[in-house]
Peer 1: 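Quick one: the structure is below, questions incoming.
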Amino acid sequence: YERLLPRAREHLPEGHWHLAAIEANYGVTLGRAGRYDEAEQHIGAALAELKRQFGDEDPRSKAIAKRLEDVRAARRGAGG
């Protein structure tokens, strides 16, 4: 995802929801690597974009909100 996100930004229009999905997946990957600050930044940005486009109750927004909470829970479990 680290290489995919910049390439996707080159080829998809700004604000495309697929960019948000890729960014969220990148954030999840960062979270699994223990890079919680970066993970929250990317997942949070993706969540904001999805909420802007689809609203809070859309399944895509809810799924990314869950991923953000999962990363925050992992951080707490790691003592951070």
Peer 1: Say you draw a straight line from NE2 of His11 to CG of Leu4; how long is it, rounded to the nearest 0.5 Å?
Peer 2: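 So the NE2 of His11 and the CG of Leu4 are separated by 10.0 Å.
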
Peer 1: Please report the shortest heavy-atom distance between Glu40 and Val71, naming the atom on each side.
Peer 2: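 Smallest heavy-atom distance, with atoms named: CG-CG1, 4.0 Å.
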
Peer 1: Dump the intermediate steps for side chain to side chain contact (heavy atoms under 4.5 Å, CB included) on Ser61 and Asp56, then the final yes or no.
Peer 2: CA-CA 6 Å; Ser61 298; Asp56 293 345; 5.8 Å; no

Peer 1: Going by the side chain to side chain contact (heavy atoms under 4.5 Å, CB included) test, name the single residue among Glu14, Glu10, His16 that passes it with Leu12.
Peer 2: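 Answer to the side chain to side chain contact (heavy atoms under 4.5 Å, CB included) test with Leu12 among Glu14, Glu10, His16: His16.
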
Peer 1: Group every Ile, Leu, Val, Met, Phe, Trp and Tyr by side-chain heavy-atom contacts under 4.5 Å, then state whether Val28 and Leu47 land in the same group.
Peer 2: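 Both belong to a single hydrophobic cluster.
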
Peer 1: Where do Arg75 and Asp37 land on the salt bridge (charged side-chain N to carboxylate O under 4.0 Å, His left out) test, with the steps shown first?
Peer 2: CA-CA 9 Å; Arg75 176 197 294 268; Asp37 289 337; 2.8 Å; yes

Peer 1: Is the shortest distance from a Lys or Arg side-chain nitrogen in Glu69 or Arg76 to a carboxylate oxygen in the other one below 4.0 Å?
Peer 2: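 Answer for the salt bridge query: yes.
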
Peer 1: How long is the gap from OH on Tyr26 to CZ on Arg35, to the nearest 0.5 Å?
Peer 2: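 It is 5.0 Å, given to the nearest 0.5 Å.
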
Peer 1: Against Ile43, only a single residue in Asn25, Asp70, Leu68, Leu30 fulfils side chain to side chain contact (heavy atoms under 4.5 Å, CB included); can you say which?
Peer 2: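 In the set Asn25, Asp70, Leu68, Leu30, the residue that makes a side chain to side chain contact (heavy atoms under 4.5 Å, CB included) with Ile43 is Leu68.
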
Peer 1: First locate atom CD of Gln53, then atom CH2 of Trp17, and finally report the distance between them rounded to the nearest 0.5 Å.
Peer 2: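 That separation rounds to 9.5 Å.
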
Peer 1: How far apart are the C-alpha atoms of Arg52 and Glu49, what are their side-chain angles, what is the distance that settles it, and do they pass the salt bridge (charged side-chain N to carboxylate O under 4.0 Å, His left out) test?
Peer 2: CA-CA 5 Å; Arg52 184 187 72 75; Glu49 182 61 32; 2.6 Å; yes

Peer 1: Let me see the working for Glu23 and Arg9 under salt bridge (charged side-chain N to carboxylate O under 4.0 Å, His left out), right down to the final yes or no.
Peer 2: CA-CA 10 Å; Glu23 186 160 16; Arg9 286 182 174 143; 3.5 Å; yes

Peer 1: Considering residues, nucleotides and ligands other than Glu2, do more than 12 of their heavy atoms fall under 6.0 Å from its CD?
Peer 2: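 Open.
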
Peer 1: Taking all non-hydrogen atoms of both residues into account, name the closest pair between Ala39 and Gly31 and its distance.
Peer 2: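 Answer, listing the atom of Ala39 first, then Gly31: CB-N, 3.4 Å.
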
Peer 1: What's the spacing between His42 NE2 and Ile64 CD1 if we round to 0.5 Å?
Peer 2: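 The distance works out to 13.5 Å.
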
Peer 1: Go through the structure and list residues passing ring-ring contact (aromatic ring centres under 6.0 Å, His included) with Tyr36, not counting sequence neighbours.
Peer 2: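 So Tyr36 forms no ring-ring contact (aromatic ring centres under 6.0 Å, His included) with any residue.
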
